[in-house]
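All remarks here apply to the structure that follows.
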Amino acid sequence: MTVAELSKVLANFTAWLDGYGETSWDYQSFFAGPVGGRAKALYYRQRTAGTAAVSPMIFCEAFLPSARQLFHHRIRFPIADAHYAMGFAFLYEANGNAPYLERAGHFLNELKKSRCPDFKEYCWGYPFDWVTRNGVIKRQTPLITTTPYVYEAFLQTYQLDQREEWKGILESIVRHATVDIKDFRTSETASCCSYTPFDRGGVVNAAAYRAFLLTSAFRVFSKTDYWEIAERNLNFVFESQNSDGSWYYAMDGVRDFVDHFHTCFVMKALGKIHALTGHRGCLEALSKGVDYYLENLFADDRLPKPFARAPRLTVYRRELYDCAECINVCLLLRDRFPQLRKTLDTVVGGIVKDWIKSDGSFRSRRLLLGWDNVPMHRWGQSQMFRALAFYLREESKSGDRDQKTDDPSQCTSFGRPLLEKCKVSPTIRKWE
């Protein structure tokens, strides 16, 4: 796909976003309101009765996606705002068009408004009550799977427009990730971390997110304390990897499924940490992980499939979110794992061929019959926009790729470049 063609896709999407607005329904809209929430909670308590209770929502999800509006209203999602901020920053980097940088700043301003109000430090969660098998996570509870995206958005944009306010917010985010998110020792060298400030941890991608955020903060702020925490979380990710190269969602003996986008989350974090540090363990884990990923999480047409082995009945064949995260992983890792280049071309081509609607937005899911065309900012629209903008930035500046890092996750500290393009500081013990 040419730069001009991709630029047109992104311009059309931006025009759609301007008209549609920055709130949307969501994958969880069926269960975010009181009716759906009670039904889902019953499902986790009493499987038979709960199955009957959630069946109408599952039916609508499979055959009448627009029925979401009957269960909840459009809302704003911080994780989507973070992806949009990064996407517009990538567009600015690709062509130097100042309004794109202004648009990135707009989304950062919205993120300032949507921070969790009951916490001293800057942090973000979901704007709805999230019913899980372990109980209800109340709205505005900070999530370590959301806050790192906001950190990345502020850091990427700060490097383009160095506002002291944004630096202060970055420092606050890091304090939250260090203090409010808790560690739980799992071995002599490893610790998992909590998903929120209030749970007992065990989710693998949560530890990967935090390990990346604090590794980046260690590099940006030159504080070894951040690396000491990050290293234990990173070791938990290493120790959680199965012999076949996969990672379960959680190490609790219950949530032992392997799915596409959570696998991408883990590999993205390892790829970014490796780019920042040269950590040998990251490369070894990725070598096994990439092999498993390519062999088990793609359909016969070499496009992403949701699960290696589905833990429950699924009502869709393919997910926009999976495709977006696949593009991100391939862009981050293709120089280290050249086999991902073909996958990148296949997935981008598949998106352009089948997933772009006439209004410029993306289809959300390919269902068992037909498509889910409800645009959901958190569930694929923002992630795909960011992924394609990242791709455009890389293709637009391919001539000087040798001078770039893999991702703006960001091998510079405030005021000075890191030593030797992010190689390990001699003051830190050897990675081996």
Side-chain angles (χ1 to χ4, degrees), residues 28 40-41 44 78-79 115-116 118-126 128-152 172-218 225-242 246-259 261-270 272-273 279 281-282 285 289 311 325:
Q28 288 284 353
K40 190 178 181 184
Y44 286 131
I79 194 170
R115 61 177 288 194
C116 297
D118 294 335
F119 285 78
K120 176 183 176 182
E121 307 295 354
Y122 276 80
C123 51
W124 291 263
Y126 288 158
F128 59 87
D129 292 343
W130 183 21
V131 180
T132 74
R133 67 173 56 251
N134 296 320
V136 178
I137 299 177
K138 300 296 291 183
R139 70 189 65 192
Q140 298 292 11
T141 299
L143 307 175
I144 196 56
T145 54
T146 292
T147 299
Y149 287 113
V150 185
Y151 169 86
E152 283 191 276
S172 179
I173 292 170
V174 175
R175 288 193 295 269
H176 161 77
T178 303
V179 176
D180 295 332
I181 300 299
K182 305 300 191 295
D183 282 291
F184 302 96
R185 180 187 175 96
T186 56
S187 75
E188 185 176 342
T189 61
S191 296
C192 66
C193 71
S194 59
Y195 202 98
T196 77
F198 310 115
D199 65 87
R200 299 289 298 177
V203 175
V204 177
N205 75 92
Y209 275 119
R210 187 171 182 240
F212 157 67
L213 190 159
L214 293 179
T215 301
S216 173
F218 155 60
D225 291 353
Y226 298 152
W227 167 247
E228 291 172 1
I229 299 171
E231 185 180 31
R232 293 191 64 87
N233 288 164
L234 182 60
N235 287 339
F236 172 75
V237 175
F238 294 155
E239 293 177 7
S240 299
Q241 189 172 25
N242 298 312
S246 66
W247 287 274
Y248 295 142
Y249 174 77
M251 302 303 292
D252 57 7
V254 178
R255 294 169 290 178
D256 57 354
F257 59 87
V258 180
D259 70 351
F261 63 82
H262 286 109
T263 298
C264 289
F265 294 162
V266 174
M267 293 199 301
K268 282 195 310 179
L270 294 181
K272 292 172 183 178
I273 293 170
H279 195 304
C282 291
E325 293 305 336

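With sequence neighbours excluded, the residues satisfying side-chain contact (heavy atoms from CB on, under 4.5 Å) with P148 are I144, Y209, L213. Remark: D129 engages K138, R139 in a side chain to side chain donor-acceptor pair (under 3.5 Å) (not counting sequence neighbours). Residues satisfying the side-chain contact (heavy atoms from CB on, under 4.5 Å) test with D225, not counting sequence neighbours, are E228. By the side chain to side chain donor-acceptor pair (under 3.5 Å) test, S240 pairs with no residue at all, sequence neighbours left out. Residues that satisfy the ring-ring contact (aromatic ring centres under 6.0 Å, His included) test with F238, not counting sequence neighbours, are H279.
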ask   = Which is it for N233 and S191 under the side-chain contact (heavy atoms from CB on, under 4.5 Å) test, yes or no, and what are the steps along the way?
value = CA-CA 5 Å; N233 288 164; S191 296; 4.2 Å; yes
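Under the 30°/60° scheme for interplanar angles, the aromatic rings of Y126 and F128 are found to lie parallel. Between F257 and Y249, the two ring planes are parallel [angle under 30°; tilted spans 30° to 60°]. In this structure, F265 and Y149 have perpendicular ring planes: the angle between them is above 60°, well past the 30° mark.
With contacts defined as side-chain heavy-atom distances shorter than 4.5 Å, the pair K40/Q28 qualifies. Proximity of L234 to T215: side-chain heavy atoms (C-beta onward) are nowhere separated by under 4.5 Å.
Under the salt bridge (Lys or Arg N to Asp or Glu O under 4.0 Å) criterion, the residue pairs touching residues 181-190 are D183-R210, with sequence neighbours excluded.
The backbone N or O of N242 sits nowhere less than 3.5 Å from a side-chain atom of S246 that would complete a donor-acceptor pair. T147 places a side-chain N or O within donor-acceptor distance of the main-chain N or O of W124, the cut-off being under 3.5 Å.
Of all non-hydrogen atoms in V203 and F236, the two that sit nearest each other are O-CE2, 4.2 Å. Nearest heavy-atom pair, W247 versus V204, reported as atom, atom and distance to 0.1 Å: CD1-CG1, 3.8 Å.
In this structure, a donor-acceptor pair under 3.5 Å is absent between the side chains of E152 and S216.
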